[in-house]
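We count residues from 1, following the sequence as given. For the numbers below, each heavy atom of this structure counts, side chains included, while hydrogens, waters and symmetry mates do not. Source: prediction; values computed, not measured. Atoms within each ligand, like the ligands themselves, are counted from 1 in listed order.
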Amino acid sequence: MKIYNTLTRKKEEFVPIKKGEVSIYVCGPTVYNFFHIGNARPFVVFDTLRKYMEYRGNRVKFVQNFTDVDDKIINKAKEEGITAPEVSEKYIEEYYKDAAALNVRKADVHPKVSEHIQDIVRFVETLVEKGYAYEADGDVYFSTRKFPEYGKLSKQNIDDLESGARIAVGEVKQDPLDFALWKARKTDDEIAWESPWGMGRPGWHIECSAMSKKHLGETIDIHAGGQDLQFPHHENEIAQSECCNGAPFAHYWMHNGYITIDNEKMSKSKGNFFTVRDILKEYDGEVIRFFLLSGHYRNPINFSDALMEQAKNSLGRMENCKENLIYLMKAGAEGPMTSAEEEQLAAYDKYRQEFIKVMDDDLNTADAISAVFELVTVANTAVKDGATKEFAQKSLETLMEFADVLGLLQGKADEAIDPEIQKLVDERQEARKAKNFARADEIRDLLKEKGITLKDTPQGVQIIKE
Ligand SMILES: [Zn+2]
């Protein structure tokens, strides 16, 4: 597989540190709000990378953090009159719901800053001991100039950066380029932990260095995140990690492109700021996922109603194909496949090779989706003409082989449904089992009022949202 490595600005052959094993660290959300469509892109893209790596036979260890200590969380807590941990716990739960709706699998580890303070303190101590960091009034800063390779990821010259850097009010750093590893507590009500430098909390960048080391080791295969994190976040992570460990931090750096809204930059002030939770009111999570994978991850992607409708229709074609094949597996002709079907199966192999070829080319999900549609077209023609059960089954297997990698066609019943609705669906199942059909019908009507239709399929109850 070839991966575009931001560090070298080249597509490179991917060679893992340990054959058959891949370590991936993705910068996760700051949990003070629902995540927006721009945040969703790295979650979906790198979840697909993980699934593809697994499909190709690798064992993947996937870590994505939660930034649960941050000014934004502290401010939100003050606004709402609750504690910072209450804010972050709430939005971690909301993250899981929305991520599940997008078929984003949970990471192997979702480390939280608040649970890694000791690791972070030790990391900062090492940097101080080695002379890369210094304490000033309870803050600890990284001496950026001591890392000569600073700027290697974002391809910036340290002197140019110096001229643009400023020392903010309240900061006591020696050089404007230096950045905080540890921040002293300013007020008594601020969340803080004990440290060799007094009560305080970690700066933002240090958490990823410390948590990546703890869960994946000093050097990892792939570090990924949104393009906006390249500088300063990832640049600072590299500086901290490589100075602390004396080893390369990540061999490959992957960054996804921006999302624009109706061709404009997304911003709260323009009012074109969409959370996934809001979009889920109008579109199925899989439609959002399909949309996010319909372009190459490094290119910018434009979010608009027209494109979402297009994604919905395209995904609908794939869904129909799946449903037709499931139907044909029961209603199709008995007996061996026809020779024409055998030939079509051979064509599936061609699509598989194409699927792998384009995914191997820096995770080109856009072209991978095209390969899936070639299969859909062939399968649909066969379905129209009537096909054997065996052909339907083989077609479905191939379709799902691709769909599983892309995280599509995973069945609406698996989606993160409102727990209340799920409870009703379960209760209806129980009522049916107990032959209490009056209650079952009552629940069905109740769900209908909420815009939920239930379809009983051989695979279980399908929950269809209007
Ligand atoms: Zn990070």
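Here the angle centred on the Zn ion (ligand 1), running from NE2 of H233 over to SG of C27, is 120°, rounded to 10°.
In the model, D278 has a side-chain atom that pairs as donor or acceptor with a side-chain atom of T275 under 3.5 Å. Remark: the R289 side chain and the T48 side chain contain an N/O donor-acceptor pair separated by less than 3.5 Å. A donor-acceptor contact closer than 3.5 angstrom is absent between the side chains of N58 and E21.
The aromatic rings of F303 and F274 sit tilted, their planes meeting at an angle between 30° and 60°.
The atom name of the N/O/S atom in E237 closest to the Zn ion (ligand 1) is OE2.
Among the atoms of C208, an N, O or S atom falls under 2.8 Å from the Zn ion (ligand 1). Taking 2.8 Å as the threshold, H205 does not count as a candidate ligand of the Zn ion (ligand 1), since none of its N, O or S atoms lies below it.
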